[in-house]
Amino acid sequence: MAEWSITEAEQLYRVKRWGGGYFEIGENGNLHMTPDPNNPDIRIDFKSVLDEIRDENIQFPLVVRFHDILRSQVVNINKIFRNKMEEAGYNATYMGVYPIKVNQMREVVEEVVEAGEPYNFGLEAGSKAELLTVLALNTNYDSLTILNGYKDEEFMMLALMGRKLGRKIIVVIEKFSELVTLTRLSKELGVEPLIGIRAKMFVKGKGRWEGSGGDKAKFGLSTAEIINAVNFLREHEMSHCLKLLHFHIGSQLTDIRSIKDAVTEAARIYAELHHMGAALEYVDVGGGLGIDYDGSHSTSESSRNYSMEEYVGDVVYGMMELCDMEGVPHPILVSESGRALTAHHSCVITEVVSEIKPSEQKFNTEPGANDHLIVNNIRDLAQNLDRYPNSQEVYNDASDWKEQAINAFKLKVLSLEELAKVETLYWQILARLRKREQSEPYSPEIIDDLDELLASQYLSNFSIFQSAADIWAIDQILPVVPLTRLNEKPTVNCSLVDITCDSDGKIDHFIGDNEINKTIPLHELKENEQYFIGLFLTGAYQDVMGDMHNLFGRLNEVHIYSYDDDPEDFYIEEVVQGSSVSNVLAIMQYNPKAMAQDVKRNVDKCISAGMIKPREGVKWIDFYEECLEGYTYLKTDSKQGFPKR
Ligand SMILES: *Cc1c(COP(=O)(O)O)cnc(C)c1O
């Protein structure tokens, strides 16, 4: 076993840098989870989690949800706001809401509501379906329920129904016509709404979602519209219903400067409205609080250059200083952080089932009687490699010969066998060049090319489209870490490919030293030993963005709580079954029962025709039905390790 320490593993996988205090590489080489960063005595070893999952016969791949992390993040943001407000001498409170679009799973929303109860932490909805959800789930009537997104009459009526039921439900006006409808409905039904206004901001947030701010933003009222709205409400004697000013300049804000700018802009609007006689009580700073996915603590798109404390500090102090200057009361602060609360709490665990190597071709390259000149030339290069010290030149020549061989093959000048020889020699040359350059103290640029060309692909039992859609859709970086063997040197440079038939179904950008790496070092696969990797920070957005490409359905889920009195410090509280094949077929309008009958008729015909024996026929039908009820992913026998290559 090569010399390797967990410190080196940490440098490579940067667990502490993106882990938010929850994840750490243990002395035993396994990844650990610490539910409470202040109490390192409670530690959950991923190896124990894997063992228990196997003992319970739960099939991989699966999602693990750590409810402790979710709770802890909810408590964190509330405590940080409170502490900052106290420290600053801020004269109002914080009443945050969780935007459920970030992860609408019932268990997640319920956990957030429960953990947020002592702080009157509420919920936010952005569609009718979400509104119906929060009406039922937000059981804390002292907390806020905030409604964003475009609304129809039904949506508004549901909001007014919430008011009737005594909820603090605030309808945020996204465009002027919504105000007209809401005012009319409220008069018709005799219910007073609580109204918020979303401002179209001049500030643009930095990051992928910067289009949420600026002139071309999809949502919000312009300055003129805001003033008109205030006047409109005054005319309808509903000024007192206007309670909240809202903005949201985009998710995953990478640069703290845009947050400061936005708070200043919003505070100015709030103050001016106060001067106009509109006594708003709340300022809602929206979402945008980012996650450091790549651990770089920078303004790269998968990172952010600030902490939660710094974010809260800028919001609290920014608002307070401007309000004091303008002589208006400090508003109750609301934020709608979703990503920051949920990203850490879940991860996807998948098994690497085999390795696809570009370079390991066993083929006889001995000279043949009629070998073409191209074959002889590249063989000559391979045999006399040591005579050519300039690796770049060798690499260029080898690539050239290979290119020529392909063209010659197309023109019927080269046989398939000759082409196979060229291909084999080409990969042998590249592998030897890489070895030679690796031992050089100064490695030239070519090593990067070679690393990439010679990298293996680890075939992993999952679908990126279902489980990590943002990696595919927006080149999001999500940390990938082996769950065990972290005290062993990872010697295989690889990218990951999933089991969909889509060449986009791959992960080929990983956390790197200064930039994004196309490959990640993982451990060599062993016969009869399963190798599991975790895809982390999947708790925000990934669950709902996932799709059924290739009919791979939802994953099994394991919900874990920490428990100090347990020898392993945890217990599995719930297992949520993922989709069966018949589940996903039903969504696509199939009738799995009818399909089974069709197949049975087919088998019966074959039995009548004497092609299959009756007993065998029954077995095939049973097998077909069993697969219909089975999991959509590869079945790897968990006791036997990955299938033989
Ligand atoms: C998406 C969204 C959020 C959540 O943003 P995060 O960056 O995930 O915290 C909050 N408010 C509104 C209006 C949104 O559209």
Side-chain angles (χ1 to χ4, degrees), residues 20 70 73-74 76-78 80-81 94-105 108-109 112 116 121-127 129-131 134 144-151 155 170-175 178 196-201 204-213 217-221 244-256 258-259 262-263 266 282-293 301-304 306-308 311-312 315 333-346 469-470 474 476 537-545:
L70 203 51
Q73 288 295 86
V74 172
N76 269 352
I77 195 164
N78 280 289
I80 292 172
F81 261 104
Y94 168 70
M95 290 181 73
V97 290
Y98 165 64
I100 71 165
K101 77 153 191 260
V102 180
N103 193 322
Q104 300 102 335
M105 284 281 303
V108 171
V109 178
V112 170
F121 197 71
L123 296 175
E124 185 262 3
S127 69
E130 288 186 354
L131 166 52
V134 299
L144 295 178
T145 303
I146 296 208
L147 308 180
N148 295 314
Y150 288 128
K151 306 160 192 76
F155 190 122
I170 302 184
V171 181
V172 176
I173 301 298
E174 305 274 8
K175 62 183 170 98
E178 289 181 354
I197 288 180
R198 176 162 177 175
K200 189 174 276 190
M201 303 287 280
K204 269 189 162 190
K206 264 187 88 170
R208 183 170 294 277
W209 286 274
E210 58 189 35
S212 309
K218 183 166 134 190
F219 292 114
L221 273 57
L244 175 143
L245 179 72
H246 173 265
F247 71 84
H248 172 72
I249 57 167
S251 196
Q252 183 66 13
L253 296 171
T254 58
D255 192 347
I256 186 111
S258 51
I259 295 158
V263 169
Y282 305 88
V283 170
D284 177 351
V285 299
L289 176 52
I291 285 282
D292 195 1
Y293 290 97
E301 275 183 359
S302 293
S303 186
R304 45 142 174 78
Y306 57 91
S307 63
M308 192 186 270
Y311 170 89
V312 172
V315 171
L333 287 175
V334 180
S335 77
E336 304 174 342
S337 294
R339 186 187 297 274
L341 300 193
T342 55
H344 283 90
H345 93 278
S346 83
D470 278 351
I474 57 168
Q476 169 86 61
L537 306 181
T538 58
Y541 297 104
Q542 305 315 295
D543 280 294
V544 75
M545 296 285 204

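First listed ligand is number 1; within each ligand, the first listed atom is number 1.
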- prompt: What about Pro99: any of its N or O atoms under 3.5 Å from an N or O on ligand 1?
  reply: no

Ligand 1 atoms in contact with Val102 (distance to a heavy atom under 4.0 Å): 8 (O)

statement: ligand 1 atoms nearer than 4.0 angstrom to some heavy atom of Gly338 are 6 (P), 8 (O), 9 (O)

message: Considering Glu174, Lys101, His246 one by one, which has a heavy atom nearer to atom 14 (C) of ligand 1 than any of the others?
response: Lys101

query: Relative to the heavy atoms of Asn148, which atoms of ligand 1 are at a distance of less than 4.0 Å?
result: 13 (C)

Min N/O separation Gly250 to ligand 1 under 3.5 Å: no

task: Report yes or no: does Ser337 have a heavy atom closer than 4.0 Å to ligand 1?
output: yes

message: So, taking the atom named CG in Leu221 and the one named CG in Leu245, what distance separates them when rounded to the nearest 0.5 Å?
response: 10.0 Å

query: Is the backbone N or O of Glu124 less than 3.5 Å from a side-chain atom of Glu130, with the two atoms forming a donor-acceptor pair by type?
result: no

field: Per-residue contact class, Tyr541 against ligand 1 - non-hydrogen pairs under 4.0 Å
entry: side chain

- line: Judged by heavy atoms only, the candidate from Ser251, Gly290, Ala340, Gly287 nearest atom 7 (O) of ligand 1 is Ser251

- prompt: What atoms of ligand 1 come within less than 4.0 Å of a heavy atom belonging to Gly288?
  reply: 5 (O), 6 (P), 7 (O), 9 (O)

Distance, nearest 0.5 Å, that separates CG of Asn78 from CE of Met95: 10.5 Å

message: Treating Thr538 as the side-chain partner and Ser346 as the backbone partner, does any N or O pair qualify as donor plus acceptor under 3.5 Å?
response: yes

- prompt: What is the distance from atom CE of Met308 to atom CD1 of Ile77, rounded to the nearest 0.5 Å?
  reply: 4.5 Å

- request: Give the intermediate values and the outcome of side chain to side chain contact (heavy atoms under 4.5 Å, CB included) for residues Leu131 and Lys151.
  value: CA-CA 11 Å; Leu131 166 52; Lys151 306 160 192 76; over 6 Å; no

field: Aromatic centroids of Tyr150 and Phe219 separated by under 6.0 Å
entry: yes

- request: Show which atoms of ligand 1 fall inside a sub-4.0 Å distance from at least one heavy-atom site of Glu336.
  value: 3 (C), 4 (C), 5 (O), 9 (O), 10 (C), 11 (N), 12 (C), 13 (C)

field: Sidechain-backbone polar pair: Asp543 side chain, Asn103 backbone, donor-acceptor under 3.5 Å
entry: no

- prompt: What atoms of ligand 1 come closer than 4.0 angstrom to any heavy atom of Arg339?
  reply: 6 (P), 8 (O), 9 (O)

